[in-house]
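These notes concern the structure reproduced below.
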Amino acid sequence: MRHIGNLPHADAARAFHDYLLAQGVPSNIEEEGDGEAEWSVWIINEDQVDDARDELARFQTDPSAPEYAVAAEKARHIRREQERREREIRKKTVDIRRKWERPLYLRIPVTMFLIAASVLTVLLTTDWNTPLDMGDKMQPVAIRLVISPYQVDRRAELVPALEPIADGQVWRLFTPMFLHFGPLHILFNMVWLRQLGAAIELRRGSLKFLWFVLLIAGISNLAQYFWKGPMFGGMSGVVFGLFGYIWMQSKFDPTSGFFMPPNLVFWMIAWFVICLTGAVGPIANMAHGMGLAVGAGLGYFGAMSRRMS
């Protein structure tokens, strides 16, 4: 920054400052001393110093010339546009230090809400001595969360299907993910939800992560319902979907910030296969498989779209 001269009062300094701005010459004006002190003019870009000095000499000979009045209006327009761009930049700027200094529940609010809602649902619905009764004695909270309420007739056949969702109870597409049927069931799901969900929410943002969860849960729950009926619950379909998303992102988009260790991929797929065998009891395998497919599809096509952009 170079000093090119002085002007006798504030009005003249501002008029010349506006004129330079209108000409695309950034500058600063500073008051020297107190009272009726002169104002100094500083040019920010060294390459523009000589031209600005010539303009200052011309301004001092006739500061009331019409061109300077016209320049004042143009300078106001330029400043308004600069302020607008700065506001847009501030909206898009993420202060990483402040973000990471916040409490965990503020950094990953959707993940923490899903965990809290799942734990609360288990406390309200589960008899820890026996698995949750999925028959006609289902507890009042649980019966509002299953994808479709049902009854058992005298022949032990399930009746009716998805009429409540068609009637507006859309939450039933998603709320089966909050139902769990024992301590190991919820412990396994919450540990993986915390790890995988936090990784995605921190990198993709809470709104996009919530959209992922709802899409995966809705599709996997419908698939499980049409495959085996309404007697299912758990976050496993979502967990496999989040796993699939991170797996595909780490495999096909090195710039995504995600990494999925090969040994973890092996064990997740191995657990998926073990569940298919029935060795660990009745499992919502269709929800697992569809959740994995949806999450992997989101991860793969997201990676491909970034490659092509």
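All values below come from the heavy atoms of this structure, side chains included, with hydrogens, waters and symmetry mates left out. Numbering of residues begins at 1 and proceeds along the displayed sequence.
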Between [Y] and [X], is there a side-chain heavy-atom distance shorter than 4.5 Å?
X: Trp247; Y: Ile269; value: yes
X: Pro26; Y: Met1; value: no
X: Ile43; Y: Leu20; value: yes
X: Leu196; Y: Met260; value: yes
X: Ile147; Y: Leu222; value: yes
X: Leu173; Y: Leu214; value: no
X: Gln82; Y: Leu21; value: yes
X: Leu187; Y: His180; value: no

| task | Verify side chain to side chain contact (heavy atoms under 4.5 Å, CB included) between Leu114 and Phe209, making sure each step is shown before the conclusion. | result | CA-CA 12 Å; Leu114 293 174; Phe209 174 65; 4.3 Å; yes
| request: Walk me through it: do Glu83 and Arg80 pass the test salt bridge (charged side-chain N to carboxylate O under 4.0 Å, His left out)? | output: CA-CA 5 Å; Glu83 291 171 358; Arg80 286 195 295 268; over 6 Å; no
| task | Identify the two heavy atoms, one from Glu31 and one from Trp39, that lie closest to each other, and give their separation to 0.1 Å. | result |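 Looking at all heavy atoms of both residues, the closest pair is N-CE3, 3.6 Å.
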| Where do Leu292 and Gly244 come nearest, in terms of heavy atoms and distance? |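 So the two residues come closest at CD1-CA, 3.8 Å.
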| request: Using the rule that two of Ile, Leu, Val, Met, Phe, Trp, Tyr join whenever any of their side-chain heavy atoms come within less than 4.5 Å, decide whether Leu193 and Phe113 are in one cluster. | output: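 As far as the 4.5 Å side-chain criterion goes, Phe113 and Leu193 are connected within one cluster.
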| message | Check for me, please, whether Ile274 and Trp192 land in the same ILVMFWY cluster - side-chain distances under 4.5 Å, paths through other members count. | response | yes
| query | Can Arg76 and Glu73 be counted as an ion pair, charged N to O under 4.0 angstrom? | reply |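 Counted as a salt bridge, because a side-chain N and a carboxylate O are separated by less than 4.0 Å.
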| request: For the residue pair Tyr300 and Phe252, categorise the inter-ring angle as parallel (less than 30°), tilted (30 to 60°) or perpendicular (more than 60°). | output: perpendicular
| message | Which residues pass the side-chain contact (heavy atoms from CB on, under 4.5 Å) test with Ala69, not counting sequence neighbours? | response |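 By the side-chain contact (heavy atoms from CB on, under 4.5 Å) rule, Ala69 matches no residue at all.
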| Which residue pairs pass the ring pair (Phe, Tyr, Trp, His ring centres under 6.0 Å) test with at least one member in residues 47-81, sequence neighbours excluded? |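 Every pair satisfying ring pair (Phe, Tyr, Trp, His ring centres under 6.0 Å) with a residue in residues 47-81: Phe16-Phe59, Tyr19-Tyr68, Phe59-Tyr68.
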| Tell me the ring pair (Phe, Tyr, Trp, His ring centres under 6.0 Å) pairs involving residues 264-296, sequence neighbours left out? |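 The answer is Phe188-Trp271, Phe240-Phe272, Phe240-His288.
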| query | Other hydrophobic cluster members with Met286, side-chain heavy atoms of Ile/Leu/Val/Met/Phe/Trp/Tyr under 4.5 Å, chained? | reply | Trp227
| task | Using the side chain to side chain contact (heavy atoms under 4.5 Å, CB included) rule, take Ile200 and Leu242 through it: C-alpha gap first, then chi angles, then the decisive distance, then the call. | result | CA-CA 8 Å; Ile200 297 175; Leu242 301 181; 3.7 Å; yes
Under 3.5 Å, side-chain donor or acceptor atoms of residues 229-238 against the rest of the protein: list the pairs with distances, not counting sequence neighbours.
from	atom 1	to	atom 2	distance (Å)
Ser236	OG	Asn189	OD1	2.9
Ser236	OG	Asn189	ND2	3.2

| request: Could you tell me whether a side-chain N or O of Arg203 sits under 3.5 Å from a main-chain N or O of Gly257, the two making a donor and an acceptor? | output: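 Present.
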| message | Taking side chain to side chain donor-acceptor pair (under 3.5 Å) as the cut-off, I'd like each qualifying pair that reaches into residues 205-222, sequence neighbours left out, listed once. | response | Glu201-Ser206
| task | Tell me, with the steps shown, if Asp18 and Arg79 meet salt bridge (charged side-chain N to carboxylate O under 4.0 Å, His left out). | result | CA-CA 10 Å; Asp18 288 346; Arg79 289 193 180 96; 2.7 Å; yes
| query | Among His17, Arg2, Gln48, which residue meets the side chain to side chain contact (heavy atoms under 4.5 Å, CB included) test with Ser27? | reply |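 With Ser27 as partner, His17, Arg2, Gln48 yield a single side chain to side chain contact (heavy atoms under 4.5 Å, CB included), made by His17.
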